Amino acid sequence: MTTPDDRAPAAGDHAGYGPGRDHVRLTGTGLAAVRGLRTIFSDLSFAVAGGELMTVTGPNGTGKSTFLRIVAGLMPAAAGEVAVAPAREDGHAALIHYIGHHDGHKASLTVRQNLDFWRRFWGGGPIAPALERVGIAALDNLPIDVLSAGQKRRAALARMLVAPRPIWLLDEPLTALDAAAEAMLGDLLSEHLAGGGLALVATHRALPVAAARTLRMEGP
Amino acid sequence: MTKKAFNKIADGLTEAIAIARGEAKPAHLSVPSDNPPPLKRRGIVPTTPSMSLVDLANPTRFLGFSQRLLPFTWAVALGLLAVGLYMAFFTAPADYQQGDTVRIMFIHVPSAWLSMGCYGLMAIASLGTLVWRHPLADVTAKSAAPLGAAFTFLTLVTGSLWGKPMWGTWWVWDARLTSELVLLLMYLGLIALWQAMDDQGRAARVAAVLTLVGTINLPIIKFSVDWWNTLHQPASVLRLDGPTIDISMLIPLFVMAGAFTLMFAALLMMSMRNEILRRRVRTMELTAAGLGA
Amino acid sequence: MTAFLALVGLSARLSFGGRSGGALVGLVFFLAVVVVVPFAVGPDMNLLSRIGPAVLWIGALLASLLVLDRLFGDDRSDGALDLLRLSDLPLELVALAKGLGAWLATGLPLAVAAPFLGLLLGLSPNTVLSTTATLVVGTPALTMIGTIGAALMAALGRGGVMIAVLVLPFTIPVLIFGVSAAAAPAMAPAPFLAPFLILIALTLASLVIAPIAAAAALRAGLD
């Protein structure tokens with residue numbers, strides 16, 4: 001039942017985009033979000049190209065998280081559309097890494113078991129270097145539930161390194177991270193951008209990386 | 001095994017849905033058309049005025065329309081009910097076998113029809129919720145569920161009252177009664193589902209999925225209950241309906257069925273009006289709290 | 001395919017020690033139901049062996065539904081459902097994989113335990129065989145129907161007994177044909193093959209319909 005599409009991409013290969021991945025471009029046109037009966041934002045457009053970082057800022061309740069979820073395709077937009085170029089037959093879900101308010105770890109499994117599942121589910125490279133990179137290599141056999149919030153966040157970052165993808169959508173990634181981890185995230189982002197990837201980061205705090213664009217959300 | 005195959009099906013569905021919504025034409029009839037503002041789907045922007053059946057989809061128009069229609073519906077329903085009851089009690093003959101007990105049929109059978117018709121209506125409304133995202137479709141489904149449960153309950157109670165003199169017991173695991181009981185369980189489950197969710201938009205779509213699964217399942221349940229019934233009980237069970245019904249009974253039966261259907265329609269309209277107004281009040285409260293848009 | 005199998009494995013592993021009990025609690029619940037019945041109907045072995053297949057089926061039905069209530073709820077609350085959606089595996093196949101994994105961990109053990117519990121109820125060897133066979137082919141249908149319920153529970157953001165309220169009516173056909181086939185050897189002229197084949201048909205249909213419905217419920221409830 002294995003078709004060529006099921007082939008696990010090699011590490012560093014951005015989900016089949018290969019060296020030419022700097023062609024990646026993410027655009028949204030006329031986006032609107034409605035939650036229950038209220039409009040959170042409307043007529044929002046943006047365009048981000050490979051190698052660029054866009055920060056999403058604004059007060060609470062203006063829809064930063066909703067915006068990222070819509071871009072990730074996890075929530076339908078009330079209006080408008082999100083497009084990834086070049087278009088892909090299977091949709092762009094498999095080009096996106098998303099880190100939201102929840103880290104997505106299975107509490108009863110160890111750090112290694114968690115990452116190993118995503119490596120097999122998404123296809124990806126070895127786990128040990130990724131854990132090394134985010135500085136939790138020593139914790140790999142602990143149940144992920146005993147880790148601190150910051151360490152769990154680091155494990156979530158390691159998950160992105162295990163299965164490289166060209167689009168990163170990070171919702172408040174600095175939450176619970178200490179100064180060292182913040183710098184590490186800055187390095188990861190720089191490398192990701194240098195490799196031709198793009199990133200959208202919703203944040204209240206200044207990132208250690210210069211943003212090419214800023215999207216300021218101010219409510220409907 | 002990739003998304004490709006699924007996407008092809010999904011694209012086909014999306015196109016069909018778009019055509020059904022009137023937003024797109026089939027590819028071979030493709031004409032450049034201006035897309036309506038997508039916000040319309042969620043019922044935020046009022047639909048553009050035009051005289052067609054679609055007008056009813058607009059809650060405001062529905063409120064006005066139903067207000068004018070309600071008194072007539074009630075008048076005709078009550079009139080038919082009076083005529084039907086008179087005929088049922090005085091002109092229809094007593095059954096030579098069942099005696100006066102047969103008159104329960106004039107309540108029982110229309111209730112049973114409505115208990116099933118109501119589920120059919122909810123299934124159509126659920127399609128409306130999932131496919132067209134009609135603001136009125138989920139109001140219909142939500143308002144119809146308790147009515148359907150009530151008519152199903154009425155069917156069971158009258159069936160039981162009928163069964164007591166015929167079978168000598170209040171309850172018999174007859175295939176039809178059992179199917180009605182399962183139907184009641186499904187109505188109650190759906191009502192519980194509606195009650196369990198705060199966000200009415202989400203509740204509508206989730207309940208619509210369950211309703212449609214039920215639509216697939218009801219014939220299977222009916223078939224299996226019939227099979228189970230013939231397995232466990234010899235065919236000597238008295239059926240609720242005779243083999244043939246005389247015309248003198250058929251006429252009052254149809255009059256009562258008409259009366260019940262109109263009553264159902266009137267109750268449904270009232271219930272839908274309440275639901276629409278309830279939602280408006282909620283919107284106003286949200287706006288007053290500064291959360292509205 | 002790798003992704004699908006990986007998810008089946010994860011689901012089996014999580015269901016095996018799941019938060020609402022997992023395989024062991026499901027088995028103990030099954031045992032408890034079977035043990036409680038003689039206290040209700042009396043220790044008459046003839047009666048027990050006659051109703052035995054039905055008791056085992058009802059026990060398996062409740063046990064396989066009750067352990068499913070957090071099947072998607074946990075994925076939703078810990079954020080894993082978002083990550084599962086960010087892949088090339090369609091949500092329908094995600095639901096199918098989750099269901100199959102849950103069945104391996106919680107449904108199959110029930111069928112395996114049935115012969116031993118059958119001894120407590122004084123079932124004849126033939127009835128033990130027929131009951132076990134029907135549970136092996138019938139519990140996947142129960143788990144898959146339960147998967148729809150689990151998706152609805154995730155959309156509701158709650159768990160518990162409500163899943164049984166929503167899902168039990170849908171399991172009636174499976175119960176009817178499962179028990180009919182299981183009890184066939186005990187009721188001499190009753191056919192075994194016909195209900196058994198219909199049971200298989202129900203299982204196959206549920207493997208197709210349930211993932212579609214579960215995915216629709218997840219999409220409807222989560223956006």
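Because the structure is a prediction, the values reported are computed rather than measured. All chains are named by letter (A, B, ...) in the order of the sequence lines, taking the proteins before the strands, and each is independently numbered beginning at 1.
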**Q** Do you know which of Leu193(B), Leu181(B), Leu218(B) has the most heavy-atom pairs under 4.5 Å to chain C?
**A**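 Option with the top pair count is Leu193(B).
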**Q** Between Ile216(B) and chain C, with a heavy-atom cut-off of 4.5 Å, which part of the residue counts as in contact: side chain, backbone, both or neither?
**A**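 Answer is side chain: those atoms of Ile216(B) sit under 4.5 Å from chain C.
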**Q** Name the member of Ala208(B), Ala196(B), Ala204(B) that forms the most heavy-atom pairs with chain C at distances under 4.5 Å.
**A**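 Ranked by contacts with chain C, first place is Ala196(B).
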**Q** According to the ring-ring contact (aromatic ring centres under 6.0 Å, His included) rule, which pairs have a member within residues 197-217 of chain C, sequence neighbours left out?
**A**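 Qualifying pairs, neighbours excluded: none.
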**Q** Check step by step if side chain to side chain contact (heavy atoms under 4.5 Å, CB included) holds for Leu202(C) and Ile220(B).
**A** CA-CA 9 Å; Leu202(C) 288 175; Ile220(B) 302 177; 3.8 Å; yes
**Q** So which bits of residues 132-150 of chain C come within less than 4.5 Å of chain B, counting non-hydrogen atoms only?
**A**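 Under the 4.5 Å heavy-atom cut-off, Ile148(C) qualify.
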**Q** Heavy-atom count check: over 12 atoms from other residues, nucleotides or ligands less than 6.0 Å from Phe153(B) CZ?
**A**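 Atom CZ in Phe153(B) is not crowded, with 12 or fewer foreign heavy atoms closer than 6.0 Å.
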**Q** According to the salt bridge (Lys or Arg N to Asp or Glu O under 4.0 Å) rule, which pairs have a member within residues 45-65 of chain C, sequence neighbours left out?
**A**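 Listed by first then second residue: nothing to list.
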**Q** What are the residues of residues 165-177 of chain C, in order of number, with any heavy atom under 4.5 angstrom from a heavy atom of chain B?
**A**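 The residues closer than 4.5 Å to chain B, in numerical order, are Val165(C), Leu166(C), Pro169(C), Phe170(C), Ile172(C), Pro173(C), Ile176(C), Phe177(C).
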**Q** Please report the shortest heavy-atom distance between Arg205(B) and Ala220(C), naming the atom on each side.
**A**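 Shortest heavy-atom contact: CB-CB, 3.4 Å.
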**Q** Of all the heavy-atom pairs spanning Ala213(C) and Val213(B), show the shortest one and how long it is.
**A**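 Reported closest heavy-atom pair: CB-CG2, 3.4 Å.
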